[in-house]
Amino acid sequence: MAYSEQVREAFRAELEGIREKGLYKEERLIHSPQSADIRVEYPEGAEVREVINLCSNNYLGLSSHPEVIRAAHEGLDARGYGMSSVRFICGTQDIHRKLEHALSEFLDTEDTILFPSCMDANAGVFEAILGPEDVMISDRLVHASIIDGIRLCKAMHDTYKHANMKHLEQKLEEHQDKRLRMIITDGVFSMDGDLAPLDEIVALAQKYDAMVFVDDSHASGFIGKTGRGTPEHFGVMGKIDIITTTLGKGLGGASGGCVAGRQEIVDLCRQRARPYLFSNSVAPPIISASLKVLEILSATTERRDRLEENARFWRQGLSEAGFVIKAGDSPIVPIMLFNAKLAQDFARDLYEQGIYVTGFFFPVVPAGQARIRTQLSADHDIPMLESALVKFKAIGDKHGILGLDKKAIIAKFGL
Ligand SMILES: *Cc1c(COP(=O)(O)O)cnc(C)c1O
């Protein structure tokens, strides 16, 4: 250990500062496969208990699906454990291209390029295609990985107010002198569960000669009639220039991401995107399992339909119980509590009742907008959600918030 006590003290003080602000993130140890009901040890050393999981991104319940697991085993047996190479040296198998083709077909794009994660896709894509004479115009609530990708790119950056089309139009007008304009948005916003109005965005892009970039990580596989994502929901499939998404949420939940879109964009990424060029190939078992996921989703919409039903039931149940929830069409259902401490207490009380949820507060969401974000899965069933609802009501009652609106909750608990 080389660093001095003085340096150690400085780091410790920083950690203490995070704790004092109530921002220290604790991890809970799961002793079972990812699922709607899991066995959890929390805090570390405590007895392992069964809880209903309402905070995973396992939207389609495919993370531990027997057919997906079997496909991963088959991939492992047929193509090995790892590639020990980046794609362009000796890390591309036939199945990597097969998955890229399958994703292009699924997302209705000209081609697709895989990345180790969607974080990496977003980190690499802007720098690969835009330069100092271009402008990136992003929604103010885009995901952290997009913000990092924007930082790495030399193009000019501007933002528009969340989902505000008037403001976006104004920005597009302002930037008519740039070589290229790119509108950048999430398809589904992860903290609020609302959808970007892609039909209006595409219309503005056509009017002002701009490209459209959509990160559909919280939509691929389940938003839209056949689960193709927000472009399908808004009737603009094939009109989005660049879609990035993850294999780590609805589409199996392991890891991997991609950039799908116009041929030239994908080709430029293959030549220039740094996380693609300098990070390892996605492992064969994940590729093989992801192919199975797309096969399952292309054969039947049963899982996305069940997810939609579960989300509808859950939203309605929470509303009727008197909670303030964010309206939306996604399986992300935030229960607004506004006060950070209340959100933390609420999550802790629910855990005691066998419900696993997480409280979100600043800086993950804006100050004064603390919440419990619940996420539905096709793996939940109605009896399970009914029993969860009983517990939410009990804890809501305990804190005296049922039936209170935003103003009343803030008056009672402060911000
Ligand atoms: C989760 C998420 C990512 C990151 O995906 P990984 O594949 O886990 O890196 C990127 N963008 C959005 C919008 C996300 O929700």
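As the structure lists them, so they are numbered: ligands from 1, and atoms in each ligand from 1. None of these values were measured; they are calculated from a predicted model.
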- prompt: Do Phe88 and Tyr276 make the cut of ring centroids closer than 6.0 angstrom?
  reply: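 No: the rings miss the under 6.0 Å criterion.
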Quick one: are Leu141 and Met191 in side-chain contact, heavy atoms under 4.5 Å?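 Of all side-chain heavy-atom pairs linking Met191 with Leu141, none is under 4.5 Å.
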* Asked: So do the side chains of Arg315 and Ile325 get within less than 4.5 Å of each other, counting heavy atoms only?
  ->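 The answer is yes, as the side chains (C-beta and beyond) meet within the 4.5 Å cut-off.
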- Item | Any residue meeting salt bridge (charged side-chain N to carboxylate O under 4.0 Å, His left out) with Lys171, in chain and number order, not counting sequence neighbours |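 Partners of Lys171 under the salt bridge (charged side-chain N to carboxylate O under 4.0 Å, His left out) test: Asp158.
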key: Under the ring pair (Phe, Tyr, Trp, His ring centres under 6.0 Å) test, residues paired with His157 that sit two or more places apart   =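 With neighbours one apart ignored, the set is empty.
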How would you list, by chain and number, every residue that makes a side chain to side chain contact (heavy atoms under 4.5 Å, CB included) with Ala283, sequence neighbours excluded?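 With sequence neighbours excluded, Ala283 shows a side chain to side chain contact (heavy atoms under 4.5 Å, CB included) to Pro285, given in chain and number order.
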Every residue of the protein that comes under 4.0 Å of ligand 1, judged on heavy atoms |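 For ligand 1, the contacting residues are Ser117, Cys118, Met119, Asn122, His143, Ser145, Asp186, Asp215, Ser217, His218, Thr246, Lys249, Gly256.
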